[in-house]
Amino acid sequence: MKTVFSPLHSRRHVKTELDGGLLIEPHEKPSRAETILARVKDQALGEILEPEEFGLEPIRRVHTDSYVAFLENCWQEWLADGKQGEAIPVFWAGRGMRHREPRDIDGRLGYYSMGADTSISDGTWEAARASVNVALTGQKLVAGGERAAFALCRPPGHHAHADLFGGYCFFNNAAIAAQAFRDQGYERVAVLDVDFHHGNGTQSIFYGRNDVLTISLHGDPDLVFPHFLGFEDETGEGDGEGYNLNIIYPPGTPFSVWREGLETACERIAGFAPEALVVALGVDTFEEDPISFFKLTSPDYLALGRRLEQLGLPTLFTMEGGYDVDAIGVNAVNVMQGFEGKA
Ligand SMILES: NCCCCCC(=O)NO
Ligand SMILES: [Mg+2]
Ligand SMILES: [Zn+2]
């Protein structure tokens with residue numbers, strides 16, 4: 001299987017993450033991608049390619065122009081406002097307030113975000129753009145005939161809405177790739193999110209549509225991020241009614257239980273009969289993940305990959321979460337090797 005990787009991921013190098021009232025070293029750190037890349041090489045998974053440049057048009061097929069412009073200029077606006085630290089949203093429109101775009105950078109940061117966990121600094125824009133190019137290069141490989149490709153995306157994307165960043169995400173790499181398939185004539189595309197967290201961004205982007213089926217297995221949002229979306233009664237709206245599926249599990253869920261949800265998801269995908277599959281691959285479902293509460297083990301990711309291959313679909317994997325850096329390489333590459341038949 002080919003892997004797409006961009007050294008530009010390292011331009012995303014924020015030093016802070018607001019967590020528990022402290023500014024901690026971000027969980028979403030450069031070593032995540034480097035560790036996965038090292039495992040890809042160690043396992044000789046296949047050729048490693050740098051991404052092509054696809055420009056802003058594919059991004060604008062999913063994200064609003066104003067949001068794209070905000071992300072491009074945010075850091076400079078923050079500096080121009082005389083701020084000393086990294087850009088962190090702190091003000092949002094609460095209930096009864098107005099959802100309008102302010103001119104002040106503090107207001108704009110809140111207007112375009114869903115939380116304060118995702119600091120911005122120089123290079124965030126470049127890294128987020130490169131991550132989209134990684135996903136789109138993987139999509140091009142699959143559209144060009146590869147059975148599957150691994151888009152080693154960093155920063156991740158599945159929490160990003162059309163005009164919201166957060167959960168360490170800026171551009172929704174999986175959604176942009178799914179839309180690229182659609183724009184290239186694929187009638188139906190499925191996005192399966194196996195990250196521990198709900199793919200709220202992906203859900204929201206396609207919520208009213210029946211050409212892209214969105215499914216996510218995740219920890220109960222009553223207990224974890226994104227907190228305010230991802231419940232099982234969210235099944236789509238309008239033409240999209242029935243084309244969104246959320247499968248929720250409690251703390252301590254092992255693979256033996258989680259795989260039942262995977263089976264439900266696979267059956268729904270088979271019934272939808274898509275022409276391509278995008279897998280938003282987070283491995284924060286791992287038993288040792290520092291911010292999650294499922295109990296998957298490293299061999300389980302081999303079984304996950306094998307099950308996904310049995311769908312028989314052209315498949316693009318976009319890297320999402322996973323924060324046990326010691327294990328992230330084995331776990332992510334196990335999915336690819338399981339897909340390719342490794343026991
Ligand atoms: N800081 C709150 C948790 C952010 C979730 C990040 C993630 O892994 N999403 O898939
Ligand atoms: Mg998920
Ligand atoms: Zn996650």
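Each ligand, and each atom within it, is numbered from 1 in the order the structure gives. Side chains included, hydrogens not; waters and symmetry mates left out as well; all remaining heavy atoms used.
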For this session: Measure up the Tyr112 and Tyr67 rings against each other and bin them: parallel (under 30°), tilted (30 to 60°), perpendicular (over 60°).
Result: tilted
Seminar exercise, completed: Between Leu217 atom O and Ser216 atom OG, the angle centred on the Mg ion (ligand 2) rounds (to 10°) to 90°
For this session: Tell me which part of His158 gets within contact of ligand 1: side chain, backbone, both or neither, using heavy atoms under 4.0 Å.
Result: side chain
Problem set entry | Residues Glu57, Arg60: salt bridge by 4.0 Å N-O rule | yes
Exercise. If you count the atoms of ligand 1 from 1 in the order shown, which ones are under 4.0 Å from a heavy atom of Asp284?
Worked result: 7 (C), 8 (O), 10 (O)
Problem set entry | Arg259 and Glu263 ion-paired at < 4.0 Å | no
Exercise. Where's the contact between Phe196 and ligand 1, heavy-atom distance under 4.0 Å: side chain, backbone, both or neither?
Worked result: neither
Exercise. Taking the six-membered ring for Trp, are Phe181 and Tyr186 parallel (under 30°), tilted (30 to 60°) or perpendicular (over 60°)?
Worked result: perpendicular
Exercise. Is there a chain of hydrophobic side chains (I, L, V, M, F, W, Y, each step under 4.5 Å between heavy atoms) that links Val62 to Val278?
Worked result: yes
Problem set entry | Any N, O or S atom of Asp193 closer than 2.8 Å to the Mg ion (ligand 2) | yes
For this session: Answer yes or no: is there an ion pair linking Glu340 with Arg147, defined by an N-O contact shorter than 4.0 Å?
Result: no
Problem set entry | Residue Gly199, metal the Mg ion (ligand 2), N/O/S under 2.8 Å | no
Seminar exercise, completed: Separation between CD (Glu17) and OG (Ser119), nearest 0.5 Å, reads 7.5 Å
For this session: Please determine if the Zn ion (ligand 3) has an N/O/S atom from His197 lying under 2.8 Å away.
Result: yes
For this session: Have a look at Asp195 and say which of its N, O or S atoms is nearest the Zn ion (ligand 3).
Result: OD1
For this session: Flag the pair Lys15 and Glu25 as a salt bridge only when some basic side-chain nitrogen lies within less than 4.0 angstrom of an acidic carboxylate oxygen.
Result: no
Problem set entry | Numbered atoms of ligand 1 (with element) below 4.0 Å of Glu17, judged on heavy atoms | 1 (N)
Problem set entry | Asp284 atom (N/O/S) at minimal separation from the Zn ion (ligand 3) | OD2
Exercise. Are any N, O or S atoms from His197 nearer to the Mg ion (ligand 2) than 2.8 Å?
Worked result: yes
Problem set entry | Heavy atom of His159, distance to ligand 1 below 4.0 Å | yes
Problem set entry | Mutual orientation of the aromatic rings belonging to Tyr301 and Phe286 [parallel < 30°, tilted 30-60°, perpendicular > 60°] | tilted
Exercise. Do Val134 and Tyr168 belong to the same hydrophobic cluster, where Ile, Leu, Val, Met, Phe, Trp and Tyr are linked whenever their side-chain heavy atoms lie under 4.5 Å apart, directly or via other members?
Worked result: no
Problem set entry | salt_bridge(Glu126, Arg12) N-O dist < 4.0 Å | no
Exercise. What residue and heavy atom of the protein are closest to atom 8 (O) of ligand 1, and at what distance?
Worked result: Tyr323 OH, 2.5 Å
Exercise. Which ligand 1 atoms, with their elements, are less than 4.0 angstrom from a heavy-atom of Asp195?
Worked result: 9 (N), 10 (O)
For this session: Give the residue and atom name of whichever protein heavy atom lies nearest to atom 2 (C) of ligand 1, and the separation in Å to one decimal.
Result: Asp117 OD2, 3.3 Å
For this session: Please work out whether any backbone atom (N, CA, C, O) or any side-chain heavy atom from C-beta onward of Glu28 is under 4.0 Å from ligand 1, and answer side chain, backbone, both or neither.
Result: neither
For this session: Answer with yes or no whether Gly167 contacts ligand 1, where contact means a heavy atom under 4.0 Å from a ligand atom.
Result: yes
Exercise. With a 4.0 Å cut-off on heavy atoms, does His27 reach ligand 1?
Worked result: no
